[in-house]
**Q** 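I'd like to ask you about the structure that follows.
Below, read A as the first sequence line, B as the second, and so on, with proteins coming before strands; counting in each chain starts at 1. Remember, it's a predicted structure, so these values are computed and weren't measured experimentally. Any value given below was found using the heavy atoms of this structure, including those in side chains, with hydrogens, waters and symmetry copies removed.
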2 protein chains.
Amino acid sequence: MSTARGARARARTEITAAIKDEARRQLAAEGAAKLSLRAVARELGMVSSALYRYFPSRDDLLTALIIDAYDSLGEAAESAHAKAADAEPVQQWTTVCEAVRAWALAHPHEYALIYGSPVPGYSAPDSTVPAASRVGLLLIGVVREAWEGRGIARPPLPADLRPEAERMMADLAPDLPPEVVAALVSAWAQLYGLVGFEVFGQFHRVVEDRAVFFTHAVTQLAHHVGLLNHGRTAETPHRPQGRGKGTASGGRRAGS
Amino acid sequence: MSTARGARARARTEITAAIKDEARRQLAAEGAAKLSLRAVARELGMVSSALYRYFPSRDDLLTALIIDAYDSLGEAAESAHAKAADAEPVQQWTTVCEAVRAWALAHPHEYALIYGSPVPGYSAPDSTVPAASRVGLLLIGVVREAWEGRGIARPPLPADLRPEAERMMADLAPDLPPEVVAALVSAWAQLYGLVGFEVFGQFHRVVEDRAVFFTHAVTQLAHHVGLLNHGRTAETPHRPQGRGKGTASGGRRAGS
DNA sequence: CCAAGGCAAGAGCACTGCTCTCTTTTTAAG
DNA sequence: CTTAAAAAGAGAGCAGTGCTCTTGCCTTGG
């Protein structure tokens, strides 16, 4: 599929990659606003109009970079999680969050591209959705594992939020209880509040030891969604149907 | 001071205001990236170079708009708070948060300007700090009132965060205990995570009933910083007592 | 082998931010 | 009241942008 399709096709994918690489370089150096098609073309020794054979517009180039950024972030988070797969749920959660933070600090402009203000009239096409979902799915996975295996506390859920929570549950994680899904979604958004404030400099002269602060904040977030530190907590863990791993499919809505 | 110091000076402030108004119009219509000095000048019937007598560069115009946006948001939050000054602390907190959300939804491009990705090489000058602090100070004030008057729970504070928390306390609110200040700062950042996700469309197809969801999330945030519902604590603050059954399905709905 | 289509190049359009002159108008000092 | 300085507007111009269109070259599939 991707090999030996003729020299021309190979050259095309190669040049496409080169364009993205150079664009990413300029993005990292100057930010999305200063990314110029002409400058990219110049740097690659081609004329600006030639670039339109590969990307029909500047926004399409940006879209490609956005997807790549989501994937890069997703991969960073996933590989960090893989290394902590055996840890406590809270530990897994904070590991993922810290990977997100580290990636964001290492790639501030790419982070701004995906979690900052959306570009002018541009609205992300659906093609970005899978890549954009990776971190979210990862967090869902962490919570799911805790829910199935080692127990999880159920956050409070006011009556007026229940319908919405059940809808979210149906969409995102049909196996998790609605109160956990609702808490998870809000923790998800709040995580990016913390990261964004740090990356965008809002913590300037407010928080100094940001790593420690961040770790604490996301640990609280983990507790907020109901994750528990296994051994040493006074809080009573909820065990789904009290049967451990055997009946994962049947175990939802425990407390009746 | 601002009156009758010559026709020229009056004309200057008037024109300056007109420029900002028109710029704000274009900002709301198209976003910061498409804000063009020439277009503003054109709309005002002046030539582009004349505009440089009022703002030395496009970035300076943006800075002015940023300060105005911060002030506009601050004022919205403050006036909302003033109307709820007698309510429970949690109520005051959610009122302020909801005012922030409402303002952001009503002025998405201005919100993006101040809490989205910072513009290219531009870093906000110190002159923006006072305006930018208004919402933060307001939230501190809410917590302070609760701390002085009606009591407040003290969130947990791990040992390694204590020095940082004490430093933040010294800077921001010397009268509040460090654990409360630390929780407050993280809640502050998380608030903007929630608002940003909604304004920037990240909740698309994830959260539908966003008002209800937001209210619940910021109520949890209030509990996170230690605010209590005075009379009835149907919802115990951020301490899920396990045993899903008991959690007050009845209603929180802190009314007055 | 040879037509078809992918591809690069270049010119050009309508913009942009910004600078520099030049002229007019207003202000303030003598 | 005059006059010199300061402030403001107008216009041309520079270097840059995204994007389109036409013109040819050259690889490729039939």
**Q** Reckon B:R58 has a side-chain N or O less than 4.0 Å from the OP1 or OP2 of C:dC18?
**A** no

**Q** Would you please indicate if the ring centroids of B:F200 and A:Y115 are separated by under 6.0 Å?
**A** no

**Q** What is the separation between atom CZ on B:F55 and atom P on D:dG9, rounded to the nearest whole Å?
**A** 13 Å

**Q** Without decimals, in angstroms, what is the distance between A:I19 CD1 and C:dC7 P?
**A** 11 Å

**Q** Grab the NZ-P distance between B:K34 and C:dT16 for me, whole Å please.
**A** 11 Å

**Q** Could you tell me which non-hydrogen atom of A:D71 sits nearest to which non-hydrogen atom of A:R134, and how far apart they are?
**A** OD1-NH1, 2.7 Å

**Q** Can you measure B:L61 atom CG to C:dT16 atom P for me and round it to whole angstrom units?
**A** 14 Å

**Q** Holding to ring pair (Phe, Tyr, Trp, His ring centres under 6.0 Å), I want the full list of residues that pass it with A:F55, two or more places apart in sequence or in another chain.
**A** none

**Q** Of the nucleotides D:dG9, C:dC18, D:dG18, which has the atom closest to the B:I15 side chain?
**A** D:dG9

**Q** Does any N or O in the side chain of A:T63 come within less than 3.5 Å of the main-chain N or O of A:D59, such that one atom is a donor and the other an acceptor?
**A** yes

**Q** Show the nearest heavy-atom pair for residues A:A217 and B:Q190, with the distance to one decimal.
**A** CB-NE2, 4.3 Å

**Q** For A:Y54, answer base if it contacts any base atom (sugar-phosphate contacts may also be present), sugar-phosphate if it contacts only those atoms, and nothing otherwise; contact means non-hydrogen atoms under 4.0 Å.
**A** sugar-phosphate

**Q** Let me know the distance between OH of A:Y52 and C1' of D:dT22, rounded to the nearest Å.
**A** 17 Å

**Q** In residues 35-42 of chain B, which ones come under 4.0 Å of DNA chain D, going by heavy atoms?
**A** B:R38

**Q** For DNA chain C, what residues of residues 43-50 of chain B have any heavy atom nearer than 4.0 Å?
**A** B:S48, B:S49

**Q** With sequence neighbours excluded, give me every salt bridge (charged side-chain N to carboxylate O under 4.0 Å, His left out) pair touching residues 38-56 of chain A.
**A** none

**Q** Cut-off 3.5 Å, side chains only: do B:S72 and B:E110 have a donor facing an acceptor?
**A** no

**Q** So, are B:R167 and B:D171 salt-bridged, with charged N and O less than 4.0 Å apart?
**A** yes

**Q** Taking salt bridge (charged side-chain N to carboxylate O under 4.0 Å, His left out) as the cut-off, I'd like each qualifying pair that reaches into residues 196-209 of chain B, sequence neighbours left out, listed once.
**A** B:R101-B:E198

**Q** Looking only at side-chain N and O atoms, does B:T94 offer a donor or acceptor that is under 3.5 Å from a partner on B:T219?
**A** no

**Q** Are B:F197 and B:V207 side-chain neighbours, meaning at least one heavy-atom pair lies under 4.5 Å?
**A** no

**Q** If I take atom CG in residue A:L51 and atom C1' in nucleotide C:dG10, what distance separates them, rounded to the nearest angstrom?
**A** 15 Å

**Q** For A:D60 and D:dG18, give me the distance from atom CG to atom C1', rounded to whole Å.
**A** 13 Å

**Q** Restricting to nitrogen or oxygen on both sides, can you table the protein-nucleotides 22-24 of chain C pairs closer than 3.5 Å?
**A**
none

